[in-house]
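To start, the structure itself, in structure tokens.
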Amino acid sequence: MIDAPAGSVMRSWRGWIRPEDRENYTEYLEKTGLSEYRSTPGNLGAIAAFRDLPDGRCEVRTLSWWESREHIVAFAGSDIAVAVFYPEDDRYLIDRESSVEHFDVG
């Protein structure tokens with residue numbers, strides 16, 4: 001369970017993969033983005049969620065919780081609205097959002 005206190009920030013990103021890549025992509029995410037999120041000071045936790053869509057794709061959403069937007073800068077750089085990608089992402093992602101959303105936790 002994520003312990004995200006009021007005043008923290010949730011970061012959300014979406015991408016789409018082939019359903020048959022779900023297991024491998026989950027492992028890849030754990031080694032890249034999720035691991036990097038979790039090791040960045042100010043991160044309160046991170047997860048990936050998946051859902052199969054009627055069009056044959058699998059939607060992936062990463063959610064991470066942060067003490068503040070300033071802590072997100074250490075992970076994402078000065079423009080925290082820009083998504084962070086890794087070298088093997090093209091191998092799995094058939095579509096992706098290039099930006100992320102941030103929500104204040106209340």
Side-chain angles (χ1 to χ4, degrees):
M1 176 177 261
I2 305 295
D3 183 18
S8 60
V9 180
M10 183 183 74
R11 177 178 170 92
S12 174
W13 170 84
R14 284 190 318 164
W16 295 266
I17 61 173
R18 290 173 287 283
E20 61 269 20
D21 288 338
R22 184 174 174 163
E23 184 177 332
N24 290 333
Y25 189 63
T26 299
E27 292 174 16
Y28 172 74
L29 272 178
E30 283 294 335
K31 293 176 186 173
T32 57
L34 295 177
S35 175
E36 194 169 334
Y37 278 148
R38 294 174 185 138
S39 67
T40 303
N43 180 264
L44 302 171
I47 62 168
F50 299 85
R51 69 176 174 157
D52 291 332
L53 301 173
D55 66 5
R57 299 179 302 161
C58 178
E59 180 180 345
V60 180
R61 185 174 297 259
T62 60
L63 299 169
S64 57
W65 290 265
W66 301 84
E67 291 179 20
S68 69
R69 282 176 166 71
E70 290 76 26
H71 286 98
I72 298 170
V73 170
F75 167 76
S78 60
D79 188 351
I80 64 170
V82 175
V84 174
F85 295 105
Y86 296 88
E88 295 292 317
D89 284 341
D90 288 342
R91 178 176 167 194
Y92 297 105
L93 294 169
I94 56 176
D95 199 3
R96 68 183 96 185
E97 292 182 342
S98 59
S99 61
V100 297
E101 297 176 307
H102 296 90
F103 300 85
D104 296 325
V105 176

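This chain uses plain numbering: 1 for the first residue, then up along the sequence.
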Test item: [X] side-chain N/O and [Y] main-chain N/O as donor-acceptor pair under 3.5 Å:
| X | Y | result |
| --- | --- | --- |
| R38 | N43 | no |
| S35 | T32 | no |
| Y28 | E88 | yes |
| R96 | A83 | no |

Report yes if the side chains of [X] and [Y] come closer than 4.5 Å at any heavy-atom pair, otherwise no.
| X | Y | value |
| --- | --- | --- |
| W66 | I80 | no |
| W65 | I47 | yes |
| F50 | D52 | no |
| D21 | C58 | no |

Decide whether [X] and [Y] are clustered together by the hydrophobic rule: side chain heavy atoms of Ile, Leu, Val, Met, Phe, Trp, Tyr closer than 4.5 Å, transitively.
| X | Y | answer |
| --- | --- | --- |
| I72 | F103 | no |
| V84 | W16 | no |
| F75 | V82 | no |
| L34 | M10 | no |

Yes or no on side-chain contact (heavy atoms from CB on, under 4.5 Å) for L93 and I17, after CA distance, side-chain angles and deciding distance? CA-CA 5 Å; L93 294 169; I17 61 173; 3.9 Å; yes
Please find the pair of heavy atoms, one from [X] and one from [Y], that lie closest to each other, and give the distance.
| X | Y | answer |
| --- | --- | --- |
| V105 | P5 | CG1-O, 3.8 Å |
| G56 | P19 | O-CD, 3.0 Å |
| L29 | A48 | CD1-CB, 3.8 Å |

Pairs where residues 61-87 contributes a residue and the test salt bridge (Lys or Arg N to Asp or Glu O under 4.0 Å) is met, not counting sequence neighbours: E59-R61, R69-D104
Mind checking whether Y92 and Y25 have parallel, tilted or perpendicular rings, split at 30° and 60°? tilted
Residues, nucleotides or ligands: over 12 heavy atoms within 6.0 Å of E23 CD: no
Look at R14 together with D95 and state whether they make a salt bridge at an N to O cut-off of under 4.0 Å. no
CZ-CZ distance between R51 and R57, expressed to the nearest 0.5 angstrom: 10.0 Å
Please step through side-chain contact (heavy atoms from CB on, under 4.5 Å) for the pair H71 and T40, ending with a clear verdict. CA-CA 8 Å; H71 286 98; T40 303; over 6 Å; no
Intermediate values then yes/no, side-chain contact (heavy atoms from CB on, under 4.5 Å), W13 and F85: CA-CA 11 Å; W13 170 84; F85 295 105; 3.8 Å; yes
